Amino acid sequence: MEAVPLVQPLLFAWPADCSKDHMPEGPSIVILKEAMAPFEGRKLLAVSGSVKAFDIQLLKNKTVTFKTWGKHFLLCFPKFTVRIHFLLFGSYLVNERKEATPRLQLQFANGEVNFYACAVSLLNQLPDELYDWSSDIMNSAWNSRKALAKLDSIPDTMVCDAILDQHIFAGAGNIFKNEVLFRIRIHPASLVGHLPAAKRQQLVKGTVAYAFDFLKWKKAGALKKNWKVHTKKICPRCKIPLHKSYLGKTKRRSFFCENCQKKY
DNA sequence: ATACATGTTGGAGC
DNA sequence: GGCTCCAACATGTA
């Protein structure tokens, strides 16, 4: 009979795409906020890290709450806000550490969080003064009508750039771009102004819908498994090779099917 | 091992 | 002033 360990190992394996690896897109920041729930409203007993832009000791002994806007993670204090942006390579660990020096480490009575390789800035305003919640694709205040109006105002923009525009779709990133455009069968180089109204609505609805699929899949460790075109070589629908190119002003890699996705 | 990637910014140059 | 372009940055993986 096989021996059963009396104590479970302290470190456990995270699902292949859960929050240990890439943070950047909005749903991952929502997962971070959920992971921070034990610290919500708690006092910061100690603060350390390599942030140089401001004196992080300003946060010590203060009570903090958390908000998210798109890809921004916000530490909220009564008179100011600390914004954390993970860019491409940022990461965090709750009640765990790794070799690298954290950009910011927050210690509470019931645990700690470490943020690595992220941009940390002090904003002398409150979140409500800084952010329009109706442009955050994950926020309950999200407003599709406003997003459509913003699209109307940029007719000469390629859709691949429009999805990445944080003023319109805060929280959407490059995975969104590729997956949403495949789902709604629009070629990434289409101009926003050339899209029929129904297609623009699909663009808005589809981006929000993908955000919640992304969230669900990421939590289940099944994000990559559900990619249809992002990083893929063959169209899952018509089976011809996908194109990969760097389109638009953003020049981010686009994966798309010339056959299934219509150019407007 | 060199390149590449779920991103943004700030400054140069028009 | 404002727009656009690009370099710079940060890190893990193939």
Side-chain angles (χ1 to χ4, degrees), chain A residues 14-32 49-54 68-74 82-93 96-104 114-123 130-131 135-138 153-158 160-183 188 207-208 210-233 242 244-256:
Chain A
W14 285 63
D17 0 83
C18 208
S19 38
K20 273 202 137 180
D21 45 14
H22 288 101
M23 303 315 126
E25 305 198 36
S28 302
I29 307 304
V30 169
I31 291 171
L32 166 58
S50 60
V51 171
K52 293 189 186 73
F54 66 99
T68 68
W69 181 86
K71 301 166 188 170
H72 298 201
F73 185 65
L74 307 172
V82 173
R83 180 185 65 206
I84 298 177
H85 199 299
F86 292 94
L87 301 160
L88 262 185
F89 310 124
S91 63
Y92 67 89
L93 291 172
E96 257 189 284
R97 298 179 183 186
K98 60 179 178 180
E99 280 300 308
T101 303
R103 193 60 45 85
L104 185 64
N114 295 288
F115 297 102
Y116 303 94
C118 48
V120 181
S121 43
L122 175 67
L123 310 171
L130 292 163
Y131 294 99
S135 54
D136 176 0
I137 55 172
M138 311 281 315
S153 73
I154 53 163
D156 300 329
T157 300
M158 285 185 185
C160 60
D161 290 331
I163 293 186
L164 295 175
D165 187 335
Q166 299 299 293
H167 301 293
I168 307 177
F169 299 109
N174 208 40
I175 297 171
F176 276 75
K177 179 186 84 182
N178 291 317
E179 294 296 304
V180 171
L181 292 176
F182 178 73
R183 280 183 171 189
T207 301
V208 174
Y210 185 72
F212 290 93
D213 283 337
F214 186 126
L215 178 65
K216 172 185 68 185
W217 288 327
K218 182 116 186 170
K219 283 180 175 177
L223 181 63
K224 292 181 186 176
K225 192 169 77 184
N226 283 287
W227 286 346
K228 300 288 188 225
V229 292
H230 187 70
T231 73
K232 304 296 182 184
K233 302 222 180 291
L242 291 170
K244 176 190 172 186
S245 51
Y246 295 78
L247 300 176
K249 291 185 176 178
T250 47
K251 292 188 172 64
R252 305 291 303 281
R253 60 181 182 163
S254 287
F255 295 87
F256 57 97

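All values below were derived from every heavy atom in this structure, side-chain atoms included, with hydrogens, water molecules and symmetry-related copies excluded. Computed from a prediction, not measured in an experiment: that's the story for all the values here.
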Among dT6(B), dA10(C), dA5(B), the one nearest any side-chain atom of Ala117(A) is dA10(C)

Phe86(A) CZ to dT6(B) C1', in whole Å, measures 13 Å

Correct closest heavy-atom pair for Ser50(A) and Thr101(A) would be CB-CG2, 4.4 Å

Of the listed dT8(B), dT9(B), dT6(B), the closest approach to the Arg83(A) side chain comes from dT9(B)

Among the nucleotides dG12(C), dT6(B), dA5(B), whichever has the atom closest to the side chain of Lys244(A) is dA5(B)

>> Under 4.0 Å from OP1 or OP2 of dA5(B): is there any side-chain N or O of Tyr246(A) that close?
In response: yes

>> Would you say His230(A) places a side-chain N or O within less than 4.0 Å of OP1 or OP2 belonging to dT6(B)?
In response: yes

Of dG12(C), dA5(B), dT8(B), the nucleotide closest to the side chain of Lys71(A) is dT8(B)

In terms of heavy-atom contacts, Ser28(A) and Phe214(A) come closest through OG-CE2, 3.8 Å

For this session: Verify the contact: side-chain N or O of Lys98(A) to OP1 or OP2 of dT11(C), cut-off strictly under 4.0 Å; return yes or no.
Result: no

Atom CG of Leu93(A) and atom P of dT11(C) are separated, to the nearest Å, by 13 Å

To the nearest angstrom, the CG-P distance between Leu87(A) and dC4(B) comes to 20 Å

Return the orientation label for the Phe86(A) and Tyr92(A) ring planes: parallel under 30°, perpendicular over 60°, tilted otherwise.
tilted

When rounded to whole Å, the CZ to C1' distance for the pair Arg253(A) and dA5(B) reads 6 Å

Can you tell me if Lys224(A) and Thr231(A) form a side-chain donor-acceptor pair at under 3.5 Å?
no

Those stems involving DNA chain B that have three or more consecutive Watson-Crick or G-U pairs, both distances under 3.5 Å, are B:2-5 with C:11-14, B:7-14 with C:2-9

Taken to the nearest whole Å, CZ/Arg252(A) to P/dC6(C) is 16 Å

Separation of dG7(B) atom P from Asp161(A) atom CG, nearest Å, is 13 Å

Margin query: Could you tell me how far dT6(B) sits from dC5(C) if I compare only their C1' atoms? Round to whole Å.
Written below: 23 Å

Nearest heavy-atom approach of Tyr246(A) to Lys251(A) is CD2-O, 3.4 Å

**Message:** Is there a side-chain contact between Lys249(A) and the phosphate of dT4(C), meaning an N or O under 4.0 Å from OP1 or OP2?
**Reply:** yes

* Does a side-chain N-to-carboxylate-O contact under 4.0 Å join Arg183(A) and Asp213(A)? -> yes

- Message: Which label fits Tyr131(A) and His72(A): parallel for a plane angle under 30°, tilted from 30 to 60°, or perpendicular past 60°?
- Response: perpendicular

